[in-house]
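Values in this document were obtained by computation on a predicted structure and should not be read as measured data. Lettering follows sequence order; numbering is per chain, from 1.
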Amino acid sequence: MDYTEKVLEYFRNPKNMGRIENPDGVGKVGNPICGDVMWIYIKVGKNENGEDIIEDIKFETFGCAAAIATSSVVTELAKGKTLKEAEKISNKDVVEFLGGLPPIKKHCSLLAEEGLQSAINDYRSKKNERNR
Amino acid sequence: MIYMDYNATTPTDPRVLEVMSKYFYEKFGNPSSIYEIARENRKEIERAREKVAELIEADSDEIFFTSGGTESDNWAIIGTSFALKNKGNHIITSQIEHHAVLNTCKFLSKLGFEITYVPVDKYGIVDIDFIKKAIKRETILITIMHANNEIGTIEPIEEISKIAKENNILFHTDCVQTVGKIPISVKKLGVDMLSLSGHKFYGPKGIGALYLKKGVKIETLIHGGEQERGRRGGTYNVPGIVGLGKAAEIAKQEMFEEEKNIRYLRDKLEKGIVEKIPEIMINGHPENRLYNTLNLCVKYVEGESILLHLDFEKIYASSGSACTSGSLEPSHVLLACGIPHEIAHGSLRFSLGKYNKEEDVDKVLEILPKIVEKLRKISPFWREKK
Ligand code: FES
């Protein structure tokens, strides 16, 4: 099994690593198959049209090279997007962006999709609570 | 490049390569033929057989050449099972064997054989009492490795072979990691069968041997011509056999010198890593361990990630962990030692050899802490822990 050049590049120099202090949403997801873990933090702002957008996004990951590379990619894909757009980012998009993953590593990219979703969900449920 | 994966394979010693090279073009004859260039090769094969025998203090007619450690293991285990299937169907092995043994046993269990997997303690030493209790009338074979490839722990083979003998059970040991590294005497070990592999001690790949004690009858696995006294068919791999003989000769002469140097480097590496990186766990037995092997767990990060970063720096090591082996489970050896899943994921193995230099160790000690720090920085577990 071999990683593509792109996976190795993103693994070697991941973007958006670390955490955000006082984030608007946090997604903490784990992979039941291998036990790896990914946390995604988001800061939400507004664009000119008054829509919610992902202003800042960061990750922390305990996992294999594929997990780290997909973490980086999903944060880059989501940054600046509206929540509605970001929600649509799937693990397929991430894998495609990386030029593929070895078959046994496909599940790693699920973490990225789920991490982002759950950060957005977390933001929404917090907001709902505030509005109640 | 810094190569520290000698338990996986070793470079072929140039002196071995030199003696081998003649047997590809000049002396290519098939030893089974009648003419002169064949006869000569026959002699060379027997000379190599003697050298291999000397290395493990066996008689040369107890040595049978095979394609390597895996075939030797398969032959010993399947050959015994088939030969003794009327006597019984029970085999005892350990939980930490190499896959050449484990998967062979798995295959036999599909054919109706019953396998007992003996557990190990936290250092990887097999539970002798468990073996004693597991023995029953149907037990026909015990197979336990001499030293474990991942953690280097050396098993009490002499003790186990005594138990086997008392109970009239054949005993096989996989010595792929020990032959050529430490002195071995089949008489002292008291085993009936022993597997060895050329490329683990500076010989070529694709050649190994099975020691079969005189009088031990097992079924043939590779059927074919009359080679190896009719017990293992297939055209003689002359260059491989000659190379294995040369590697055995060199090992016998130089083993002790090598050990001194390699042990020094391994100990320096181990000490340095423990001093420079917090939260390291050393695996395997503190004393009864191969002098070249260092297996450790770096907590809160994944082994594969560390390995790849080492790879970027042209440092080659290995990990028993999930991702590199193509399975997602961490090493079966570390799990058998009772190491929790998430820690076993961070396992790393450095196995040193005779071409390593002190600068290599210094370089690893300079680079590894930086890699671990970088990975820990993005690990949620590491931050939570702090
Ligand atoms: S193997 Fe666990 S995330 Fe890749």
Side-chain angles (χ1 to χ4, degrees), chain A residues 1-21 23 26-41 57-72 75 101-112 115 118-119, chain B residues 8 279 281 297-332 334-335 339-348 367-368 370-386:
Chain A
M1 76 136 239
D2 277 322
Y3 289 126
T4 62
E5 283 297 317
K6 220 160 176 189
V7 174
L8 290 176
E9 180 47 39
Y10 274 84
F11 162 70
R12 198 169 180 174
N13 299 308
K15 316 268 156 49
N16 305 319
M17 334 175 257
R19 66 192 291 236
I20 297 177
E21 297 294 333
V26 190
K28 298 183 178 181
V29 290
N31 191 323
I33 305 176
C34 61
D36 291 347
V37 167
M38 186 185 299
W39 293 10
I40 299 239
Y41 304 84
I57 176 164
K58 284 203 153 76
F59 76 90
E60 289 178 316
T61 296
F62 165 86
C64 67
I68 291 174
T70 52
S71 307
S72 174
T75 57
L101 279 176
I104 193 167
K105 293 292 186 176
K106 286 267 157 66
H107 74 276
C108 312
S109 66
L110 280 175
L111 275 184
S118 106
Chain B
E279 304 272 347
M281 202 172 110
C297 289
V298 181
K299 293 190 192 163
Y300 313 109
V301 288
E302 261 239 0
E304 188 202 49
S305 300
I306 304 175
L307 280 186
L308 277 174
H309 274 293
L310 286 172
D311 180 19
F312 294 145
E313 305 289 337
K314 297 209 174 343
I315 297 171
Y316 306 130
S318 94
S319 122
S321 103
C323 310
T324 43
S325 59
S327 90
L328 298 168
E329 279 289 301
S331 141
H332 69 287
L334 297 181
L335 293 180
I339 296 170
H341 234 261
E342 66 289 0
I343 296 179
H345 257 301
S347 73
L348 214 54
I367 288 172
L368 184 65
K370 288 186 199 147
I371 293 174
V372 172
E373 204 192 306
K374 179 172 172 176
L375 288 168
R376 276 181 174 167
K377 232 189 234 152
I378 60 171
S379 164
F381 293 152
W382 177 244
R383 197 170 41 70
E384 274 207 323
K385 181 234 146 215
K386 288 199 300 187

Q) Glu304(B) side chain to Ala65(A) main-chain N or O, any donor-acceptor pair under 3.5 Å? A)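 Checked: pair present.
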
Q: Please name the residue in the list Val7(A), Leu8(A), Ile68(A) that meets the side chain to side chain contact (heavy atoms under 4.5 Å, CB included) test with Leu308(B).
A: Leu8(A)

Q | For Trp39(A) against Glu384(B), the heavy-atom pair lying closest together | A | CH2-OE2, 3.2 Å

Q | Atom of Gly63(A), atom of Ser305(B) and distance for their closest heavy-atom approach | A |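 Scanning both residues completely, I find the closest heavy atoms to be O-OG, 2.9 Å.
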
Q: Measure up the Phe11(A) and His309(B) rings against each other and bin them: parallel (under 30°), tilted (30 to 60°), perpendicular (over 60°).
A: tilted

**Q.** Counterpart residues, ring-ring contact (aromatic ring centres under 6.0 Å, His included), relative to Tyr316(B) (two or more places apart)
**A.** none

Q. For Tyr41(A), which residues count as a ring-ring contact (aromatic ring centres under 6.0 Å, His included) partner, sequence neighbours excluded?
A. none

Q) Who among Phe312(B), Tyr300(B), Trp382(B) has the most heavy-atom pairs with chain A under 4.5 Å? A)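 Answer, by heavy-atom pair count under 4.5 Å with chain A: Phe312(B).
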
Q | Which atoms of Arg376(B) approach chain A - backbone, side chain, both or neither, heavy atom under 4.5 Å | A | neither

(Q) Tell me if the NZ atom of Lys377(B) is crowded by more than 12 foreign heavy atoms within 6.0 Å. (A)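 No, the 6.0 Å shell around NZ holds no more than 12 heavy atoms from other groups.
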
Q: Using a cut-off of 6.0 Å, state whether more than 12 heavy atoms not belonging to Lys15(A) lie near its atom NZ.
A: yes

Q | Leading residue by heavy atom contact count with chain B [cutoff under 4.5 Å; candidates Lys58(A), Met17(A), Arg12(A), Met38(A)] | A |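 The answer is Arg12(A).
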
